[in-house]
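Side chains included, hydrogens not; waters and symmetry mates left out as well; all remaining heavy atoms used. Here is how names work: the chains are called A, B, and so on, in the same order as the sequence lines, proteins then strands, and each is numbered from 1. In this text the structure is predicted, and so the values were computed from the model without any measurement.
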Amino acid sequence: MEIPKEKLIWMYETMVKSRYFEEQMEQAYMEGKAPAFNIGAGPVPGEMHLSNGQEPAAVGICAHLTDDDTVTSPHRPHHHAIAKGVDLKKMTAEIFGKVTGLGKGKGGHMHLFDPSVKFSCGGIVGAGIPHAVGAVLTAKKRGTDDVAVAFIGEGAANSGAFHESLNLAALWNLPLIVVVEDNKYGISVTKESSTAVESNDLRAPAYGIAGEKVKDNDPMAMYEASKRAVERTRAGEGPAIIEIETYRYLGHFQGDPELYRPEGEADSLREKDPIIRLKNYMLEQNLYTEEELTEREETVKNEVDQAFEFARNSADPAPEDALQDVFAE
Amino acid sequence: MEIPKEKLIWMYETMVKSRYFEEQMEQAYMEGKAPAFNIGAGPVPGEMHLSNGQEPAAVGICAHLTDDDTVTSPHRPHHHAIAKGVDLKKMTAEIFGKVTGLGKGKGGHMHLFDPSVKFSCGGIVGAGIPHAVGAVLTAKKRGTDDVAVAFIGEGAANSGAFHESLNLAALWNLPLIVVVEDNKYGISVTKESSTAVESNDLRAPAYGIAGEKVKDNDPMAMYEASKRAVERTRAGEGPAIIEIETYRYLGHFQGDPELYRPEGEADSLREKDPIIRLKNYMLEQNLYTEEELTEREETVKNEVDQAFEFARNSADPAPEDALQDVFAE
Amino acid sequence: METTKKERMLTGNKAMAEAIAQEMEKNPEVFVLGEDVGKYGGIFGSTEGLLGKFGPDRVMDTPISETAFIGAAIGAAAEGMRPIAELMFVDFHGVCMDQIYNHMAKIPYMSGGNVKLPMVLTTAVGGGYNDAAQHSQTLYSSFAHLPGMKVVAPTTPYDIKGMMTSAIRDDNPVVFMFHKSLQGLGWMDLIEASVGHVPEESYTVPLGKAKVMREGKDVTIVGIQMMTVYALEAANKLAKEGIDAEVIDLRSLVPLDRETIIHSVQKTHNLLVVDEDYRSYGMTAEVSAVVAEEALYDLEHPIKRLAIPDVPIPYSRPMENYVIPNADAIYKQVKAMISE
Amino acid sequence: METTKKERMLTGNKAMAEAIAQEMEKNPEVFVLGEDVGKYGGIFGSTEGLLGKFGPDRVMDTPISETAFIGAAIGAAAEGMRPIAELMFVDFHGVCMDQIYNHMAKIPYMSGGNVKLPMVLTTAVGGGYNDAAQHSQTLYSSFAHLPGMKVVAPTTPYDIKGMMTSAIRDDNPVVFMFHKSLQGLGWMDLIEASVGHVPEESYTVPLGKAKVMREGKDVTIVGIQMMTVYALEAANKLAKEGIDAEVIDLRSLVPLDRETIIHSVQKTHNLLVVDEDYRSYGMTAEVSAVVAEEALYDLEHPIKRLAIPDVPIPYSRPMENYVIPNADAIYKQVKAMISE
Ligand SMILES: Cc1ncc(C[n+]2csc(CCOP(=O)(O)OP(=O)(O)O)c2C)c(N)n1
Ligand SMILES: Cc1ncc(C[n+]2csc(CCOP(=O)(O)OP(=O)(O)O)c2C)c(N)n1
Ligand SMILES: [Mg+2]
Ligand SMILES: [Mg+2]
């Protein structure tokens with residue numbers, strides 16, 4: 001499969017943006033938490049699940065989506081949000097708990113909602129899949145050809161919500177794709193200790209749907225598998241499961257002691273970094289020069305910096321704002 | 001496969017007992033509910049889910065179980081209970097709400113617990129499967145070779161509990177068999193309207209376990225499939241799913257107007273009655289004479305009659321008994 | 001002609017189905033999904049006749065996958081649809097409560113009001129016909145305790161229709177609890193209260209307002225659904241003995257109409273709260289607490305509560321009758337209270 | 001030597017893990033299962049060190065399948081095992097509540113006492129570190145409302161160990177809620193109350209008994225877990241102004257120790273109830289109702305309640321601080337009450 005140049009560069013820029021966002025977030029998160037780490041301190045408190053290394057899953061499929069397609073995402077949502085085109089300023093402000101945030105500071109990092117690009121996420125494992133089903137049920141009722149992608153971790157594939165949602169989507173022939181990001185762990189529990197089959201695409205036959213496996217965190221292979229799945233499902237040929245082998249460079253959340261992780265594992269994963277691999281590919285193919293790529297990197301990093309600035313400069317909500325938005329008028 | 005004569009006659013007697021029990025129950029249930037049907041009236045109030053026609057699922061597999069093996073059953077439990085050897089008097093008394101019942105009248109028809117033969121059931125679809133997992137987890141911990149059978153309807157195979165339990169059992173290599181009784185309906189909803197695959201044994205690969213389909217409500221085929229599955233699982237070779245195509249002669253519950261059911265469907269099913277088929281087989285094979293079989297039928301029916309008599313003659317619980325048994329001392 | 005129209009009587013279930021039908025006619029984005037809502041018309045008749053009128057695309061039978069289909073309703077509501085999802089018995093909420101309270105109830109808040117979820121979760125509640133521990137609960141407070149959803153439980157066919165219409169039009173998630181005994185179904189004990197006057201034309205009854213069903217001056221009895229029905233029965237008997245009870249039908253647990261309760265207690269100076277839910281940490285406690293906070297000095301006698309005495313609902317008739325409050329128990333409790 | 005032993009100080013999490021370890025040593029049928037209870041030692045340290053001591057057959061990591069593994073614990077308990085199942089955050093109960101309340105809590109009753117379920121469900125509760133709406137709740141009353149399970153929530157390391165031991169030995173299902181802030185974890189705000197004297201030897205603290213943490217004569221403050229800690233802080237401040245508050249640590253929601261509460265109110269004539277759960281239909285209501293029923297005439301002022309004001313827990317610090325009651329809010333509420 002020939003991947004169009006503009007798709008390659010979009011994937012590249014988006015991965016760089018996402019990675020840089022997470023790196024900035026990692027730093028911001030640590031502010032105020034030294035010398036003794038205190039999860040509730042600093043400008044960004046609460047749990048923080050970063051996606052460094054997992055970018056291919058997000059960009060490989062979002063390359064095929066429009067603003068009218070729906071994405072639901074779990075507790076580790078930043079790369080998906082960025083790939084789906086969520087407003088970066090408002091998203092960052094939300095994570096900083098500011099009144100200018102997507103949810104006016106009520107949601108936080110695990111609860112980002114941007115209806116303008118049909119993105120949502122949540123902190124309960126598996127729970128976003130049915131919401132994606134509802135989005136495409138709506139598409140079907142309204143006669144549009146919008147599709148939905150539900151991102152989950154490999155750990156979530158053992159939840160009841162996974163099974164119920166895939167059965168429902170298959171039964172009603174809805175354009176849903178479940179992307180399983182296999183980063184080997186659900187917190188500390190390895191895939192082998194949680195999953196009775198080797199790969200979750202093997203579960204597709206249980207719903208009579210398509211299943212595909214993407215190996216080695218390869219953004220281009222993810223692009224290709226996603227193209228097949230999105231085209232199929234948009235054409236009304238039913239749901240699909242794509243499982244991608246991906247890499248989690250950091251702990252489950254920031255502050256995770258990672259005692260369960262073999263020494264050196266994260267480093268060895270970093271050696272195969274997908275951003276570098278895609279960059280090298282584009283250079284080898286003479287699609288872009290080093291300079292061109294560097295310039296583009298600067299542009300997206302700049303965008304991230306501006307988003308952080310926006311967030312930091314925004315106002316805190318008033319305490320009593322807590323009482324608003326429980327019910328719509 | 002040659003089925004031993006004593007197994008055949010046990011299956012026959014048990015099916016006859018179960019069927020006769022349900023027929024007696026059907027009558028008892030209608031007492032006090034005429035002329036206007038009132039679900040809460042008569043000696044046996046509440047919902048009543050009868051199993052007439054579904055006996056093969058129960059006897060085909062229970063023929064391979066001992067008292068130390070566990071059976072969990074759903075809202076339609078009588079045939080399973082009888083095949084597992086639950087105390088018939090106490091069970092009947094429970095359904096009549098008597099103080100001599102298995103649960104002193106607190107449980108009722110959907111909540112029969114007989115720990116002496118490791119039988120339990122419950123009214124929440126899918127919820128019994130994890131209990132069976134726990135039973136065999138215990139067996140494994142204690143080093144016995146006891147197995148567990150979780151009976152469910154085909155409708156329950158779309159519940160999250162099904163998926164989570166099978167993954168867990170497969171992962172931990174526990175001796176669990178899930179028997180799916182496909183009677184075509186979950187209340188009024190047909191299997192085609194609820195299930196994305198044709199048969200639930202096709203879901204076995206999603207857990208890397210064995211799956212087998214038994215067609216046409218055939219007690220002997222069920223015996224054979226069950227033998228394979230029980231022997232395999234008892235030997236430590238992992239869980240299995242058996243789906244049996246079975247027949248529900250009556251409504252989902254008594255009082256079901258069955259408006260969703262094609263006219264004549266139940267009658268056409270009755271023409272293939274498994275009890276008659278097994279009887280004919282034994283006669284053809286000259287295993288028993290008509291007279292011998294009739295005598296055995298009388299014996300088991302007599303047992304049922306005695307159980308009903310015991311139930312009817314037992315005392316009601318005192319109202320204040322309701323306050324007992326919430327907590328053990 | 002006009003007179004007979006005014007006297008049009010409907011059962012609770014027909015009132016409910018009529019409200020849904022009228023909203024579905026008006027608004028193509030209203031649809032129904034749930035187990036057996038199609039050909040069966042809802043196990044408790046809540047969707048009777050809808051499949052025939054609107055077809056299977058708008059009246060959708062589902063698999064036994066409450067997490068998936070209630071979650072799908074949430075996803076559809078987020079897109080602006082107005083789904084009505086039916087949880088067949090409230091007793092089954094435990095398999096899908098995450099979708100209900102962590103998502104349906106919280107997404108509007110977590111999104112800072114940017115996502116609205118205009119959906120209704122209908123569910124059947126109540127015992128009294130010996131359906132035992134897993135099919136007889138009301139669980140009113142299990143829902144009312146958790147913020148972000150309106151929780152209503154109407155009693156009369158008139159209110160059922162009017163509040164159902166309000167619920168569908170509401171831009172917030174509404175849990176609409178209908179009591180099996182008040183549906184007026186042919187296969188249950190037919191009680192008078194399950195049939196009542198219901199206008200044919202569409203109308204609304206506001207959510208969040210209690211209703212004084214009977215005015216009185218000696219004691220306030222706060223009830224809900226069947227407990228309101230029994231309270232009225234008890235009030236009639238008490239009246240014969242010169243005790244004039246005011247009966248309040250709560251109708252809505254969230255929002256709770258504190259004013260109507262307090263106003264009544266300020267008049268009668270006595271309060272009995274009756275609930276078909278478990279006693280502890282429930283509605284009787286909440287209503288008691290509201291009065292103890294806001295009208296303490298108005299009380300002549302200690303507040304009394306009647307509810308299920310913190311036991312699962314037993315199957316057998318004598319025991320079930322013992323644990324679910326009835327007219328006689330209410331009558332006795334008021335007598336005991338007044339003569340204290 | 002003896003003195004240092006008496007002064008042995010432990011964090012809440014170590015107290016909890018020690019209780020489990022001691023019972024596991026004594027009884028081979030005790031085992032632990034849950035997400036990340038193995039190598040990780042429990043996300044909130046509740047099973048720290050157990051894997052190393054007892055191996056993976058007795059300390060079992062599970063998939064993210066709460067319905068299956070809590071259900072499996074029920075099945076194992078029915079066979080006489082004594083499982084301890086951990087629900088990582090109480091906020092996740094909605095995915096498995098059916099197993100918890102329809103099965104764990106009801107099977108003993110529905111079986112007429114013939115099946116016992118000697119199991120413990122441990123779960124982390126509480127907010128205060130900005131973990132937002134799906135990870136900060138206590139949900140005390142969502143469990144306490146439903147009959148058939150003991151529900152406890154100890155505060156001090158001493159009580160955590162003693163009540164954990166009692167819970168494991170209890171023949172009934174016990175929901176054991178431990179507060180994240182009281183675990184004394186290195187990666188959270190370290191509060192003094194999360195460290196305390198804990199004897200090394202095994203001991204029990206009874207379930208179902210509240211504890212008077214501070215005697216006083218002017219006002220009774222009933223709290224639980226962090227609210228008890230804050231109540232004590234507030235009491236110290238109040239003492240400086242001559243207001244002598246009695247602070248009761250509820251410790252157990254079910255059974256509820258009505259006697260201790262009533263006895264205290266009879267002495268102080270004033271009651272403030274403080275909860276980290278949602279306000280409506282919750283613990284503050286139940287305690288208020290108990291007093292309104294049984295000690296109405298002892299009250300000098302209307303009962304006051306402080307709790308989360310029926311909103312989901314907001315993420316942002318100023319808003320979270322606003323909705324979760326703290327020492328200052330308690331202090332102010334008592335002052336306002338007394339001077340009313
Ligand atoms: C229902 C539920 N159970 C448990 C958790 C706690 N939890 C949060 S993330 C997580 C691991 C998820 O693993 P996976 O799905 O593989 O995603 P990853 O973190 O690896 O991206 C767990 C157990 C939760 N949020 N929801
Ligand atoms: C979780 C849950 N959802 C719904 C129900 C209501 N219900 C009881 S039986 C039933 C149909 C079950 O169908 P199936 O599993 O095929 O069993 P069958 O009745 O055909 O034997 C339904 C929907 C329930 N008891 N529990
Ligand atoms: Mg993972
Ligand atoms: Mg069926």
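Residue C/Ile43 touches chain B through its side chain alone, counting heavy-atom pairs closer than 4.5 Å. Residue contact with chain C, scored on non-hydrogen atoms closer than 4.5 Å, is absent for B/Val99. Both the backbone and the side chain of C/Val311 come within less than 4.5 Å of a heavy atom of chain B. At a 4.5 Å heavy-atom cutoff, B/Ala161 makes no contact with chain C through either its backbone or its side chain. In this structure, chain B has no heavy atom under 4.5 Å from any part of C/Thr67. Only the backbone of B/Lys104 comes within less than 4.5 Å of a heavy atom in chain C; its side chain stays farther off. Contact of B/Phe253 with chain C is made through the side chain alone, with heavy-atom distances under 4.5 Å.
The interface of residues 45-61 of chain C with chain B, defined by heavy-atom distances below 4.5 Å, comprises C/Asp61. Scanning residues 92-102 of chain C against chain B with a 4.5 Å non-hydrogen threshold yields C/Phe92, C/Val95, sorted by number. For residues 315-322 of chain C, heavy-atom neighbours of chain B at less than 4.5 Å comprise C/Tyr315, C/Ser316, C/Arg317, C/Pro318, C/Met319, C/Tyr322, sorted by residue number. Annotation: residues 314-327 of chain B contacts chain C through B/Asp316, B/Pro317, B/Ala318, B/Pro319, B/Glu320, B/Asp321, B/Ala322, B/Leu323, B/Val326 [non-hydrogen atoms, separation under 4.5 Å].
Atom CD of B/Glu31 sits in a crowded spot, with more than 12 heavy atoms from other residues, nucleotides or ligands closer than 6.0 Å. Other residues, nucleotides and ligands place more than 12 heavy atoms under 6.0 Å from the NZ atom of B/Lys213. Heavy atoms of other residues, nucleotides or ligands lying less than 6.0 angstrom from CD of B/Glu192 number more than 12.
The CD1 atom of B/Ile39 sits 5.5 Å away from atom CG of C/Asp131, with the distance rounded to the nearest 0.5 Å.
Ranked by heavy-atom pairs under 4.5 Å with chain C, the list B/Leu259, B/Thr195, B/Val189 is led by B/Val189. Between chain C and the options B/Pro45, B/Gly108, B/Gly97, B/Ser194, heavy-atom pairs under 4.5 Å are most frequent for B/Pro45. With chain C as partner, the option from B/Met48, B/Met110, B/Glu258, B/Lys98 having the largest number of non-hydrogen pairs under 4.5 angstrom is B/Met110.
Looking at every heavy atom in both residues, B/Gly186 comes nearest to C/Asp36 through O-OD1, 3.6 Å. Between C/Met188 and B/Asn38 the shortest heavy-atom distance is C-OD1, 3.7 Å.
Using a 30° and 60° split on the angle between ring planes, C/His135 and B/His111 fall in the tilted class, from 30° to 60°.
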